[in-house]
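Accompanying notes for the structure given below.
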Amino acid sequence: KGILRESDDLQYSLPNIQQAYLSITNQLGEVFGENVPISENGTFSAQYNLGTDAPVGNYAIEVRRSRSSETALGYSSFRVAEYVKPQFEVTSSATPEIILNGEQAVFAIEAAYYSGGSLANAAVDWYLESRPYFYTPPDEYSQYSFDDFDYYLDSDRFDAPPVRQSGQGQTDENGRFELTETIALEKENTSQTVTFYANVTDVGGNLVGSSARLTVLGSTVHSGIRPERYVGKQGEAQNFNLVVLDRDGNPLANQTVSV
């Protein structure tokens with residue numbers, strides 16, 4: 001399906017054509033080509049059925065005014081892959097789900113055949129990734145900010161998560177693999193979500209992956225701040241409300257807070 005529009009310096013209008021040529025190509029050349037009618041609303045549609053012997057790989061879709069035209073009006077693509085039903089499953093876990101900076105965590109996987117029995121002596125490739133963790137308080141404290149975040153200076157916190165560690169291993173006779181790691185926060189004492197990824201490969205070269213995650217906190221408490229007014233005037237005092245919550249979101253009394 002597609003929509004055609006004429007563009008004149010960002011001014012869009014309906015195209016003055018009744019049909020367009022749609023083609024699908026792969027590494028072997030054009031596998032589908034057809035003139036498709038353009039509706040009064042500038043839309044078109046076509047259908048192509050992939051055969052059971054269709055080559056795997058990338059396919060390109062192009063729409064041109066005619067088959068001989070060299071200028072594409074639109075372009076898209078899709079990929080054809082071969083699916084092989086896995087013969088075994090892999091489950092993963094991270095224990096405990098929440099730890100403090102510098103504490104130990106145990107990451108584990110279990111691999112077993114769907115037909116029954118453990119997948120022993122299988123190769124394991126694992127790695128750990130980390131992302132900043134943003135605390136979600138209870139609803140009654142949702143107006144408070146609990147994150148020390150600068151949208152200009154900290155934009156890199158939304159980049160692709162860095163791989164903090166990786167390695168290889170092997171499942172034991174029970175199809176289990178365990179990894180015990182001491183998790184330390186990487187910078188500025190910022191709490192993080194750490195994700196454990198593991199890919200298991202059997203003797204036939206079949207690969208199945210799984211993942212689990214945990215949260216690494218920089219403190220046993222969460223401190224939040226909320227202004228009473230979001231717009232102030234120069235020279236006028238502004239009031240801010242502070243709150244300290246425990247790990248379960250309960251308020252803590254008699255806490256010393258630096259502002």
T171 (side chain) donor-acceptor with L119 (main chain) under 3.5 angstrom: yes
Test item: E103 side-chain N/O and N101 main-chain N/O as donor-acceptor pair under 3.5 Å: no
Donor-acceptor contact below 3.5 Å, side chain E129 vs main chain T193: no
Residues, nucleotides or ligands: over 12 heavy atoms within 6.0 Å of E82 CD: no
Side chain D248, main chain N250, donor-acceptor under 3.5 Å: no
Donor-acceptor contact present, side-chain S191 to main-chain G218, <3.5 Å: yes
Distance, nearest 0.5 Å, that separates OH of Y141 from CG of L245: 6.0 Å
Residues in salt bridge (Lys or Arg N to Asp or Glu O under 4.0 Å) contact with E236, at least two apart in sequence or another chain: R229
Partner of F107 by ring pair (Phe, Tyr, Trp, His ring centres under 6.0 Å), out of F196, F177, Y127: F196
Side-chain donor/acceptor of S77 to backbone N/O of A60, under 3.5 Å: no
Minimum heavy-atom distance between V231 and Q238, given as atom pair plus value: O-OE1, 4.5 Å
CD/Q255: more than 12 non-hydrogen atoms of other groups inside 6.0 Å: yes
Over all atoms of both residues, closest heavy-atom pair of S45 and V36: O-CG1, 3.9 Å
Heavy-atom closest pair, residues L100 and S219: CD2-O, 3.6 Å
E30/R67 salt bridge by N-O under 4.0 Å criterion: yes
Single-linkage hydrophobic cluster, 4.5 Å side-chain cutoff, I109 and V208 together: yes
Least distance between heavy atoms, L14 atom then G42 atom: CD2-N, 4.0 Å
pair Y133-L217: side-chain heavy atoms closer than 4.5 Å: yes
Close side-chain approach of Y48 and V31, heavy atoms under 4.5 Å: yes
Any Q27 side-chain heavy atom under 4.5 Å of P55 side chain: yes
Pairs satisfying side chain to side chain donor-acceptor pair (under 3.5 Å), at least one member in residues 109-122, at least two apart: E110-R176
N41 side chain to T43 backbone, donor-acceptor under 3.5 Å: no
Ion pair check, E62 and R64, cut-off under 4.0 Å: yes
Beyond-backbone contact of Q192 with R164, side-chain heavy atoms, under 4.5 angstrom: yes
